[in-house]
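Remarks on the structure that follows.
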There are 2 protein chains.
Amino acid sequence: MSRNKERGMHKVAEILRSAGIRPTAQRIAIAQYVLREADHPTAEDVKAHLDRVFPMVSTATVYNTLNALVEHGLIRAIKFPHADAAIYDQKMHHHYHFLDEPSGRLYDVDPADVQVKPQLGATCEITEVDVLIRGRLIDPGLSGPSTTVSPT
Amino acid sequence: MSRNKERGMHKVAEILRSAGIRPTAQRIAIAQYVLREADHPTAEDVKAHLDRVFPMVSTATVYNTLNALVEHGLIRAIKFPHADAAIYDQKMHHHYHFLDEPSGRLYDVDPADVQVKPQLGATCEITEVDVLIRGRLIDPGLSGPSTTVSPT
DNA sequence: AAGACAATTTAGAATAGTTCTAAAACTTGA
DNA sequence: TCAAGTTTTAGAACTATTCTAAATTGTCTT
């Protein structure tokens with residue numbers, strides 16, 4: 001388990017290095033969490049986790065590091081209408097989100113499962129389409145992710 | 001012109017009253033602006049406008065009134081990922097938005113022009129789908145709104 | 001292995017948007 | 001007109017995030 005963690009952290013250090021971010025202890029701990037362990041965490045979630053597993057990190061370093069990870073293309077920062085804090089998403093491929101309103105939990109949605117066909121005419125050029133589906137999971141008890149809506 | 005404005009304000013007072021909001025001078029002035037004059041204003045925009053046309057309103061009243069209008073179903077508050085401040089939308093019918101990224105301006109998009117067909121299976125129930133299309137208007141010089149993307 | 005220079009981290013101040021608080025000013029109805 | 005309830009207000013408080021300036025750490029050179 002310790003060996004696993006060390007291997008994991010080593011791997012994360014390499015990811016940071018090859019993205020052009022110098023792997024300091026704090027950055028490795030933060031990246032380890034957002035890239036490998038967390039599920040749509042906010043900066044506050046990251047800070048709370050680090051306070052448990054790391055001797056000392058400041059809020060400033062958490063934000064600095066998350067911003068660096070975003071700038072270097074390792075994660076994305078996303079703001080949703082239903083919450084103030086940004087969430088960080090380690091899935092870099094294009095995808096949408098499903099919000100289970102009772103629980104507030106976010107699930108990734110494969111764009112293949114959502115047809116979006118804007119017919120806006122020739123007067124504009126579309127660079128991106130954001131989709132947030134709000135609703136409620138009917139049977140959250142069924143443990144596994146379905147093919148189409150998967151907890152992340 | 002003065003007569004128009006008075007008639008308009010009277011109408012707005014009636015709208016407030018029939019929505020269950022007591023029409024005070026401040027509320028009428030704020031509602032007149034957000035329901036009839038403004039285009040996707042923020043609370044700050046509303047405050048700035050009122051400071052020009054109304055002897056005195058506090059920030060607290062602007063927020064209180066906007067919240068009351070939202071609660072009574074006369075406007076909607078929307079938060080977008082690209083900005084911190086909420087915008088208020090007097091169009092209550094279901095619609096999407098197009099963001100012209102160069103200008104930061106928002107346009108309403110008729111849902112009929114965007115096919116959204118989520119195929120999420122039977123494990124969830126969808127209550128609403130939010131769509132934000134980002135891009136850039138190719139020919140903003142063409143004065144009028146096109147059939148499909150209309151400035152509001 | 002020491003000294004210098006740059007990079008990183010830190011605590012705490014600052015900022016933006018919004019809500020809260022408690023007091024003052026209005027309305028309303030009897 | 002007076003009491004009771006409502007509304008408005010200034011300013012404090014709050015949340016999420018960024019900034020600042022000082023302290024610490026790391027790296028390079030020799």
Side-chain angles (χ1 to χ4, degrees), chain A residues 12-13 16-17 19-34 38 40-51 53-72 75-89 104 106, chain B residues 12-13 16-17 19-34 38 40-51 53-72 74-89 104:
Chain A
V12 167
L16 291 178
R17 200 176 293 114
I21 302 172
R22 265 208 250 173
T24 65
Q26 286 90 334
R27 287 171 178 172
I28 291 167
I30 293 167
Q32 167 71 25
Y33 185 61
V34 298
H40 296 123
T42 62
E44 204 196 346
D45 294 335
V46 176
K47 178 70 163 67
H49 175 81
L50 270 269
D51 284 345
V53 305
F54 196 85
M56 171 163 295
V57 231
S58 67
T59 306
T61 296
V62 170
Y63 280 103
N64 287 344
T65 301
L66 290 172
N67 288 341
L69 295 175
V70 169
E71 276 153 29
H72 290 80
I75 62 178
R76 285 200 293 188
I78 313 181
K79 291 242 212 152
F80 289 103
H82 63 283
D84 283 340
I87 69 101
Y88 295 89
D89 199 328
L106 272 180
Chain B
V12 166
L16 291 179
R17 200 177 292 115
I21 302 172
R22 264 209 252 171
T24 65
Q26 286 90 335
R27 287 171 178 172
I28 291 167
I30 292 167
Q32 167 72 25
Y33 185 62
V34 298
H40 295 124
T42 63
E44 203 196 347
D45 294 336
V46 176
K47 178 71 164 68
H49 176 81
L50 270 268
D51 284 345
V53 305
F54 195 85
M56 172 164 293
V57 232
S58 68
T59 306
T61 296
V62 170
Y63 280 104
N64 288 345
T65 301
L66 290 172
N67 288 342
L69 295 175
V70 169
E71 276 152 30
H72 290 80
L74 295 180
I75 62 177
R76 285 201 292 188
I78 313 180
K79 291 242 212 151
F80 288 104
H82 63 283
D84 284 338
I87 69 101
Y88 295 88
D89 200 328

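The chains referred to below are lettered A, B, ... by the order of the sequence lines, with proteins before strands, and numbering in each begins at 1. These figures come from a predicted structure and were not determined experimentally. Side chains included, hydrogens not; waters and symmetry mates left out as well; all remaining heavy atoms used.
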query = What distance do A:L50 atom CG and A:M56 atom CE have between them, rounded to the nearest 0.5 Å?
reply = 12.0 Å
message = Nearest 0.5 angstrom please: B:Y88 OH to B:R76 CZ, how far?
response = 14.0 Å
inquiry  = Whole angstroms only, please: what is the NZ-P distance between B:K47 and D:dG11?
reply    = 12 Å
query = Taking DNA chain C as the partner, which of residues 75-88 of chain A come within under 4.0 angstrom of it by heavy atom?
reply = none
query = In whole angstroms, how far is the C1' atom of D:dG26 from the CD1 atom of A:I28?
reply = 14 Å
ask   = Is the phosphate of C:dT19, meaning OP1 or OP2, less than 4.0 Å from a side-chain N or O of B:Y63?
value = no
Under 3.5 Å between N/O atoms: give me all the protein pairs with nucleotides 7-13 of chain C, atom names plus distance.
{"from": "C:dT8", "atom 1": "OP1", "to": "A:R27", "atom 2": "NH1", "distance (Å)": "2.9"}
{"from": "C:dT9", "atom 1": "OP1", "to": "A:T24", "atom 2": "OG1", "distance (Å)": "2.5"}
{"from": "C:dT9", "atom 1": "OP1", "to": "A:Q26", "atom 2": "OE1", "distance (Å)": "3.3"}
{"from": "C:dT9", "atom 1": "OP2", "to": "A:R27", "atom 2": "NE", "distance (Å)": "3.4"}
{"from": "C:dT9", "atom 1": "O3'", "to": "A:Q26", "atom 2": "NE2", "distance (Å)": "3.1"}
{"from": "C:dT10", "atom 1": "OP1", "to": "A:M56", "atom 2": "O", "distance (Å)": "2.8"}
{"from": "C:dT10", "atom 1": "OP2", "to": "A:S58", "atom 2": "N", "distance (Å)": "2.9"}
{"from": "C:dT10", "atom 1": "OP2", "to": "A:S58", "atom 2": "OG", "distance (Å)": "3.3"}
{"from": "C:dT10", "atom 1": "OP2", "to": "A:T61", "atom 2": "OG1", "distance (Å)": "2.8"}

query = Pairs in or reaching into residues 58-69 of chain A: which pass side chain to side chain donor-acceptor pair (under 3.5 Å), with residues at least two apart or in two chains?
reply = A:S58-A:T61
ask   = Quick one: are B:L16 and B:R22 in side-chain contact, heavy atoms under 4.5 Å?
value = no
message = Using 0.5 Å steps for rounding, measure from the CD1 atom of A:I87 to the CZ atom of A:F80.
response = 5.0 Å
key: Value rounded to 0.5 Å, distance of CG in B:D89 from CD1 in B:I75   = 9.0 Å
query = Between A:D45 (side chain) and A:T42 (backbone), is there a donor-acceptor pair under 3.5 Å?
reply = yes
ask   = What is the distance from CG of A:D45 to P of D:dA16, rounded to the nearest Å?
value = 10 Å
key: Between P of D:dT8 and CG of B:L66, the distance in whole Å   = 12 Å
inquiry  = Does any part of the side chain of B:K79, heavy atoms only, come nearer than 4.5 Å to the side chain of A:D84, both counted from C-beta?
reply    = yes
